[in-house]
> 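Structure below; questions to follow.
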Amino acid sequence: SGLALPALAQPRYPDRTITVIVPFAAGGPTDTVARLVAEGMGRSLGGTVVVENVGGAGGTLGAQRTAQARPDGYTVLVHHIGMATIPTLYRRLAYDPVNGFEPVGLITEVPMTLVAKRNIEANNLQELIALVRRQRDRINLANAGVGAASHLCGLLFQSALQVPLTTVPYRGTAPAMNDLVAGTVDLMCDQTTNTTEQIRAGTIRAFALTTENRVSALPDVPTAREAGLPNFEVSVWHGLYAPRNTPREIVSRLSTALQAALSDQNLIRRFNDLGTEPVAQDKATSEAHRAFWQADIARWRPIIQAAGQYAD
Ligand code: MLT
């Protein structure tokens, strides 16, 4: 005794900035969720977590960047339901859309709203549907590219009406929203995390929610079923991913930090204001995320195949 053994140098994680890739434009719904989560994770990990927007190609560019990043826990991805639809929607990708990632945990599930430019000539969903049928060659539908939630929701809307519409793709629904507010595009189906404040401000009009129940942040917006359009249901789940081969201990540290972030009162309040809430703690784990993701790939495959609108 008396001689202390030298401690083995354990690399501390994190010892530098962690980057969360958001595969859509800044200021949009995925970005909003990712920034709130990044802030709380940074506090929990005792490090800096920054968001980098890598938008374009329906969310596949940001996903590709993450899949090709060094699997060391310093590059992670917040992505949404597109992780379940892209494996079917895209026949050619420069990365593996399923095996390229380690799921870290689910984050939230966000309702969508069918919204229109403020001066659209319709007072409710039935009038909007009649207008779309009448003016199918003139009405256009904004989205964030093939693979975006807005694209998927738009597909469901067009197939519910049996009316094909011209679509206008953006790098995210934040820039699409600018054009909707300006009135240069007519319609969009987008997440409440991006539409709630605009609907409340009256800069756009909301016609239906795509969930089974109304949301308290938008008490006056009917569900699609209530408004007479059953089978128009979709909500947008988000998850956190690391590149494949990220060490298990690091994935587990990230999951713990995600759980801490999701239990933060400020995040919960902000999510609620925007029509959503964080998932239960036991869903913010790698195992729960993997199971949910795989089931959702299988769920959407036949629906996408029936719609027959692929990326290539
Ligand atoms: C975004 O963050 O811009 C959206 O999630 C895009 C979309 O999927 O519709």
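Everything quoted here is computed from the prediction, not taken from an experiment. In listed order, ligands and their atoms are each counted from 1.
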> Within a distance under 4.0 Å of any heavy atom of S150, pick out the atoms of ligand 1 and give their elements.
7 (C), 8 (O), 9 (O)
> Just need the protein heavy atom nearest to atom 6 (C) of ligand 1, so name the residue and atom and give the distance.
A144 CB, 3.5 Å
> Grab the two heavy atoms, one from Q198 and one from V181, that are nearest each other, plus how far apart they are.
OE1-CG2, 3.9 Å
> Taking only heavy atoms of G172 into account, list the atoms of ligand 1 that are under 4.0 Å away from them.
3 (O)
> Decide if the gap between the ring center of Y74 and the ring center of Y13 is smaller than 6.0 angstrom.
yes
> Would you call R270-E197 a salt bridge at under 4.0 Å N-O?
yes
> Among all protein non-hydrogen atoms, which one is nearest to atom 3 (O) of ligand 1, and what is the separation to 0.1 Å?
T173 N, 2.8 Å
> Identify the protein heavy atom lying closest to atom 2 (O) of ligand 1, giving its residue, its atom name and the separation to 0.1 Å.
T30 OG1, 2.7 Å
> What part of H151, side chain from CB on, backbone N/CA/C/O, both or neither, has a heavy atom under 4.0 Å from ligand 1?
neither
> Give the minimum heavy-atom separation between V51 and A38, together with the two atoms involved.
CG2-CB, 4.0 Å
> Would you confirm whether the ring centroid of H79 sits within less than 6.0 angstrom of the ring centroid of F101?
no
> Kindly confirm or rule out an N or O of A149 lying under 3.5 angstrom from an N or O of ligand 1.
yes
> With a 4.5 Å heavy-atom cut-off, do V132 and L187 have their side chains touching?
yes
> Can you tell me which residue and heavy atom of the protein come closest to atom 4 (C) of ligand 1, and the distance to 0.1 Å?
P29 CG, 3.4 Å
> Check the pair L218, T113 against side chain to side chain contact (heavy atoms under 4.5 Å, CB included), reporting the backbone distance first and the verdict last.
CA-CA 10 Å; L218 292 166; T113 43; 4.1 Å; yes
> Atoms of ligand 1 less than 4.0 Å from Q191 heavy atoms?
4 (C), 5 (O)
> Check whether any N or O atom of H80, backbone or side chain, sits under 3.5 Å from an N or O atom of ligand 1, and answer yes or no.
yes
> Between D273 and R269, is there a salt bridge with N-O shorter than 4.0 Å?
no
> Quick check: R171 and ligand 1, any N/O pair under 3.5 Å apart?
no
